[in-house]
2 protein chains.
Amino acid sequence: MKTNSCDCGTCRHKLCAQRVPIFFGLNEEELSHVADLIQRRQYLKGEIIQLEGSDADCLTIINQGKVKAFRYTQEGKEQILYLFSEGDFFGESNLFGGRKAAYHAEALERTHICMIARNDFQELVRRYPEISVKIIGALCTRLERLETTVQNMGTRSVEARISSVLLEFVEKYGVKNSKGILIALPFSREGMASYIGIARETISRKLTLLQDAGIIEMIGNKKILLLNEEALRRELD
Amino acid sequence: MKTNSCDCGTCRHKLCAQRVPIFFGLNEEELSHVADLIQRRQYLKGEIIQLEGSDADCLTIINQGKVKAFRYTQEGKEQILYLFSEGDFFGESNLFGGRKAAYHAEALERTHICMIARNDFQELVRRYPEISVKIIGALCTRLERLETTVQNMGTRSVEARISSVLLEFVEKYGVKNSKGILIALPFSREGMASYIGIARETISRKLTLLQDAGIIEMIGNKKILLLNEEALRRELD
DNA sequence: TAAAAACTGTGACCGAGATCATAATTTCAT
DNA sequence: ATGAAATTATGATCTCGGTCACAGTTTTTA
């Protein structure tokens, strides 16, 4: 498997810090200061990174891989809240609000993370105030996604919600090829269903319809080829 | 009508800044600096404070009153995203992300707001970095509410969602009296329905059921008396 | 590469909640 | 206080999407 991360002991931490948007704008020296505070860890697919209700007091930044953030209802029904990828972070509400973790976090594939302890991070923010501006920006982006999700769940048909999530994946993970845009799905059908709050069977049926309409082509269970983006956008309403 | 705000020209601005959580922690002098940058405005019930898509480049802080933030779908269906009260703010994504307003904002009653222009605010944040920490805290609170809303919409029955919103109002606007907790509703039935993403008729029916069960008592259209909080909590699931 | 395990598709059925229509109440304005 | 306007309640009906059951595929593993 191809890897694009450096494995020498000294630079890997710096690398991590460099890649993370909230540290953009720091210079070499500052980055290396950040790097000294970072602890790295690796998780395999399916491993739990954070438990809902725990008070892990550190900021967790995803350096490579994908993570789902989710909660269970009392009856055991799962709702996925976020799909985090490279550069995303979580645990900020532990640090800033002093709250317990609001959701479980599980690696969807092999995932490398960087952790910074509460005290170290607070010190960093004090020293480099532009970091907090970056964080505010990231939180605003997150709020916007949730706002749209709430609107979709409250007002839109299941078809529209499915189109919406497919287009989200296209944007994040889509790769153009001669026939269309190939999406490597981050979730199983079950996961997609839980992400938009519907039943697995329903998403199966609707994807079959989209395929019959020539809008998508399902390739195994883990890839979808988008053949007609225009038509998919029309499904949004 | 009783008013608890000072009307002399000099101190009213300072008053406004003092009340707002994101300026807590500033001293007298700093507050008065902030006050100099603030522009006040008043809106009557039903007036639009912000239009979705506009690029009002200022931070808007609610000093008194209530504001609903909402969007329309193409078919004209409304989804309420936030209910803002005293001390809440919006417009931050305009300032920090350079984005257009993500929703309409409308006064639900007579509302006083404070506005700070983008440049002034950026200067403030630079000068008093603890403001940005306060903002991060507020955004985390907002995220948490939206996360719970998404979970409710995705996994919970309409009964549970109604109980949830009633309990939210109890916490925000409830006043204990001898019979129970009196809630002055910020929304009409229509508004409550739009807030949790269901039909107005459905909420009517379910509230009637709750009343028949002796859990609440509806007083006109604008007040609800909660008789049995325990029972209402059980409805959550 | 074959068997096991996990995941997905599909039909049948059902029910919660939407929609429509209309009556009853509440609120507002004069 | 009273009539008009707005809001809410409620019955009838319908439909979308959930649930259950099971067959068919895909993926994993040994």
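Order of the sequence lines fixes the chain letters, A, B, ..., with proteins taken first and strands second; residue numbering starts at 1 for each chain.
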task = For B:Met218, report the nucleic acid contact type (base, sugar-phosphate, nothing); a contact means any heavy atom under 4.0 Å.
result =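 Sugar-phosphate contact only.
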- Message: For chain A and DNA chain D, what are the first and last nucleotides along the strand, 5' to 3', with at least one atom under 4.0 angstrom from a heavy atom of the protein chain?
- Response: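 The contacted stretch runs from D:dG17 to D:dT28.
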Check your understanding: Looking at B:Phe84, does the NZ or CZ of B:Arg145 lie under 6.0 angstrom from its six-membered ring centre and within 45 degrees of the ring axis?
Key ->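 That pair does not qualify as a cation-pi contact.
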For B:Phe187, is the NZ or CZ atom of B:Arg200 found under 6.0 angstrom from the centre of its six-membered ring and inside 45 degrees of the ring axis?
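Negative - B:Arg200 is either too far from the ring of B:Phe187 or too far off its axis.
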TODO: Mind listing the closest non-hydrogen atom pair of A:Asp237 and A:Arg156 along with its distance?
DONE: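 Residues A:Asp237 and A:Arg156, closest heavy atoms: OD2-NE, 3.5 Å.
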With sugar-phosphate taken as primed atoms, P, OP1 and OP2 and all else as base, the protein-contact string of nucleotides 15-30 of chain C at under 4.0 Å (heavy atoms; B, S, -) is --SSBB-----SSS--
* **Angle of first-five versus last-five pair axes in the helix from C:dT1-D:dA30 to C:dT30-D:dA1, to 10 degrees** =>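 For the helix from C:dT1-D:dA30 to C:dT30-D:dA1, the axes at opposite ends meet at about 60°.
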Verify the distance criterion only: is there a donor paired with an acceptor across the side chains of [X] and [Y] at less than 3.5 Å?
X: A:Arg71; Y: B:Gln151; answer: yes
X: B:Ser194; Y: B:Glu78; answer: yes
X: B:Thr149; Y: B:Tyr195; answer: no

* Asked: When you check the gap from the basic side-chain N to the acidic O, do A:Glu86 and A:Arg19 get nearer than 4.0 Å?
  ->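 Salt bridge flag = no for A:Arg19 with A:Glu86.
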Requested in this report: Answer yes when A:Arg99 and B:Glu144 have at least one side-chain N-carboxylate O distance shorter than 4.0 Å, and no when they do not.
Outcome: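 B:Glu144 and A:Arg99: salt-bridged.
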NZ/B:Lys223: more than 12 non-hydrogen atoms of other groups inside 6.0 Å:
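No, NZ of B:Lys223 has 12 or fewer neighbouring heavy atoms, counting only those of other groups under 6.0 Å.
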A:Tyr103 and ring-ring contact (aromatic ring centres under 6.0 Å, His included): which partner among A:Phe70, A:Tyr72, A:Tyr82?
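Exactly one pass, corresponding to A:Tyr82.
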